[in-house]
Amino acid sequence: MVVENRPGAGGTIGTEFVARAQPDGYTVLYASGGPMTIQPNLGLAKFNYDPLKSYIHVRGVSSANQILVATSAAPYSTLAEFVAYAKTNPGKVNFGSPGPGTAQHLAGEMFQAAAGIKLTHVPYKSGSSQMTDMMSGILDVSFDYLTVLRPLIDTGKVKVLGTTGTARLAALPDAPTVLEAGYPDAVSVGSTWVSVPAGTDPRIVGKLSEALAAVLADPGIVADLATNGQVSIADKGSAEMGPFIVEETARYKRVIESAGIAAH
């Protein structure tokens with residue numbers, strides 16, 4: 001197995017590359033929601049793949065909640081305190097993201113709409129710059145995944161207010177979810193899966209699917225996912241992935257249209 005990173009354009013470059021690859025089972029996409037369920041809703045002038053028609057989605061891999069963190073000096077330490085503060089200071093609380101239309105941006109838009117508050121979005125060109133400003137107190141809050149935030153949380157440079165999932169993270173058992181806080185419309189979960197180009201032989205798809213299911217059932221992999229704030233979604237095979245992508249795309253479309261977000 002050779003990993004070939006093709007970053008850029010919110011993940012669409014690598015995603016498009018696999019759509020054009022030979023459907024022989026030797027080019028496999030580690031897919032994610034950004035280029036599959038978010039980017040198609042952003043009105044890009046040129047979009048050279050169809051999330052449903054250009055691929056066979058083999059099997060789900062993982063899902064992860066985002067975490068809402070605040071600067072360590074913030075005058076709020078819980079979701080309830082944060083919402084109360086934001087309501088009395090409309091537009092004065094800012095939140096960062098790696099850019100317009102990213103999953104982190106949409107999580108912020110979903111939360112403020114669900115909670116009835118007004119936040120100011122501050123987009124960055126990179127997540128590293130965003131986190132630097134979080135630590136320095138330039139940003140008030142941010143949404144992101146545990147793999148990014150863990151060093152800041154462990155060193156006390158940010159404090160956790162809650163997570164965007166429906167169930168608490170094993171890695172952060174004390175962090176309440178937005179569902180617990182009474183904001184079901186703020187649930188935001190990022191997912192990954194494995195896909196191959198459309199036209200791949202069903203026998204190859206079946207073999208890849210079986211291998212993925214076996215690997216994702218390994219106790220070591222399950223433990224590693226939990227440590228990084230993720231859970232396996234290996235129960236979603238090819239038959240389940242199509243409807244899942246349709247549902248996620250529709251959900252993000254509602255958020256993007258409501259917030260008036262466009263691609264940049």
Side-chain angles (χ1 to χ4, degrees), residues 7-13 15-16 31-52 64-70 79 82-127 129-131 133-134 138-145 148 161-166 177-179 181-191 244-264:
T12 60
I13 291 176
T15 302
E16 181 181 312
S32 64
M36 289 286 190
T37 64
I38 296 176
Q39 295 288 340
N41 289 309
L42 291 175
L44 291 172
K46 187 177 182 181
F47 206 67
N48 297 318
Y49 61 88
D50 185 299
L52 295 175
N65 306 338
Q66 290 190 55
I67 303 163
L68 173 57
V69 295
L79 283 175
F82 171 61
V83 171
Y85 182 89
K87 284 185 174 180
T88 57
N89 296 275
K92 294 183 180 179
V93 178
N94 59 44
F95 77 97
S97 82
T102 57
Q104 294 90 331
H105 177 201
L106 296 188
E109 295 290 351
M110 293 166 75
F111 184 83
Q112 63 177 326
I117 57 178
K118 178 60 179 174
L119 307 175
T120 298
H121 176 226
V122 182
Y124 286 78
K125 291 184 178 180
S126 72
S129 298
Q130 173 194 346
M131 291 306 150
D133 281 0
M134 268 300 304
I138 294 174
L139 284 176
D140 297 311
V141 298
S142 283
F143 293 82
D144 218 315
Y145 297 100
V148 174
L161 302 183
T163 71
T164 64
T166 58
T177 68
V178 290
L179 190 61
Y183 307 120
D185 291 341
V187 171
S188 177
V189 180
S191 301
F244 173 76
I245 291 169
V246 169
E247 182 181 340
E248 287 289 282
T249 301
R251 185 165 65 89
Y252 283 124
K253 182 178 181 180
R254 291 192 295 270
V255 177
I256 289 165
E257 290 180 347
S258 176
I261 301 168
H264 287 255

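Position 1 is the first residue of the sequence; numbering continues from there.
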(request) In sequence, state the C-alpha distance, the side-chain angles, and the governing distance for Leu52 and Ile245, and then conclude on side chain to side chain contact (heavy atoms under 4.5 Å, CB included). (result) CA-CA 8 Å; Leu52 295 175; Ile245 291 169; 4.0 Å; yes
(request) Determine, stepwise, if the pair Ser142 / Gln130 fulfils side-chain hydrogen bond (donor to acceptor under 3.5 Å, both in side chains). (result) CA-CA 9 Å; Ser142 283; Gln130 173 194 346; 3.1 Å; yes
(request) Could you walk me through whether Val141 and Phe82 pass side chain to side chain contact (heavy atoms under 4.5 Å, CB included), step by step? (result) CA-CA 10 Å; Val141 298; Phe82 171 61; 3.8 Å; yes
(request) Check step by step if side chain to side chain contact (heavy atoms under 4.5 Å, CB included) holds for Val69 and Leu161. (result) CA-CA 6 Å; Val69 295; Leu161 302 183; over 6 Å; no
(message) For a side chain to side chain contact (heavy atoms under 4.5 Å, CB included) check, start with the C-alpha distance between Tyr49 and Thr15, then their side-chain angles and the critical distance, and finish with the verdict.
(response) CA-CA 8 Å; Tyr49 61 88; Thr15 302; 3.6 Å; yes
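Rounded to the nearest 0.5 angstrom, Gln66 CD and Ser97 OG are separated by 10.0 Å. To the nearest 0.5 Å, atoms CG (Asp185) and OG (Ser258) are separated by 10.5 Å. Summarising the geometry, atom CG belonging to Asn48 is positioned 11.5 Å from atom CD1 belonging to Ile13; distances are rounded to the nearest 0.5 Å.
For Phe244, the ring-ring contact (aromatic ring centres under 6.0 Å, His included) criterion is met by no residue, not counting sequence neighbours. Considering only residues two or more places apart in sequence or on other chains, Tyr252 meets the ring-ring contact (aromatic ring centres under 6.0 Å, His included) condition with none of them.
Side-chain atoms of Thr88 come within 3.5 Å of backbone N or O of Tyr85 as a donor-acceptor pair. Counting only distance, with no hydrogens or angles, the side chain of Thr164 and the backbone of Val187 share no donor-acceptor pair below 3.5 Å. Under a 3.5 Å cut-off, the side chain of Thr120 and the backbone N or O of Gly91 do form a donor-acceptor pair. A distance-only check finds no donor-acceptor pair linking the side chain of Asn65 to the backbone of Val189 [under 3.5 Å].
In this structure, Thr177 and Thr166 approach most closely via the heavy-atom pair CG2-C, 4.1 Å. Minimum interatomic distance between Ile67 and Tyr145 (heavy atoms only, all atoms of both residues): CD1-C, 4.4 Å.
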Contacts under 3.5 angstrom, residues 99-113 side chains, donor-acceptor by atom type, not counting sequence neighbours:
| from | atom 1 | to | atom 2 | distance (Å) |
| --- | --- | --- | --- | --- |
| Thr102 | OG1 | Gly99 | O | 2.7 |
| Thr102 | OG1 | His105 | N | 3.3 |
| Gln104 | NE2 | Asp144 | OD1 | 3.2 |
| His105 | ND1 | Gly101 | N | 2.9 |
| His105 | NE2 | Glu109 | OE2 | 2.9 |
| His105 | NE2 | His121 | ND1 | 3.4 |
| Glu109 | OE1 | Gln112 | NE2 | 2.9 |
| Gln112 | OE1 | Leu119 | N | 2.7 |

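Under the 4.5 Å side-chain criterion, counting only non-hydrogen atoms from C-beta, Asn41 is in contact with Thr249. In this structure, Pro98 and Tyr124 have side chains that are not in contact, with every pair of non-hydrogen atoms separated by 4.5 Å or more.
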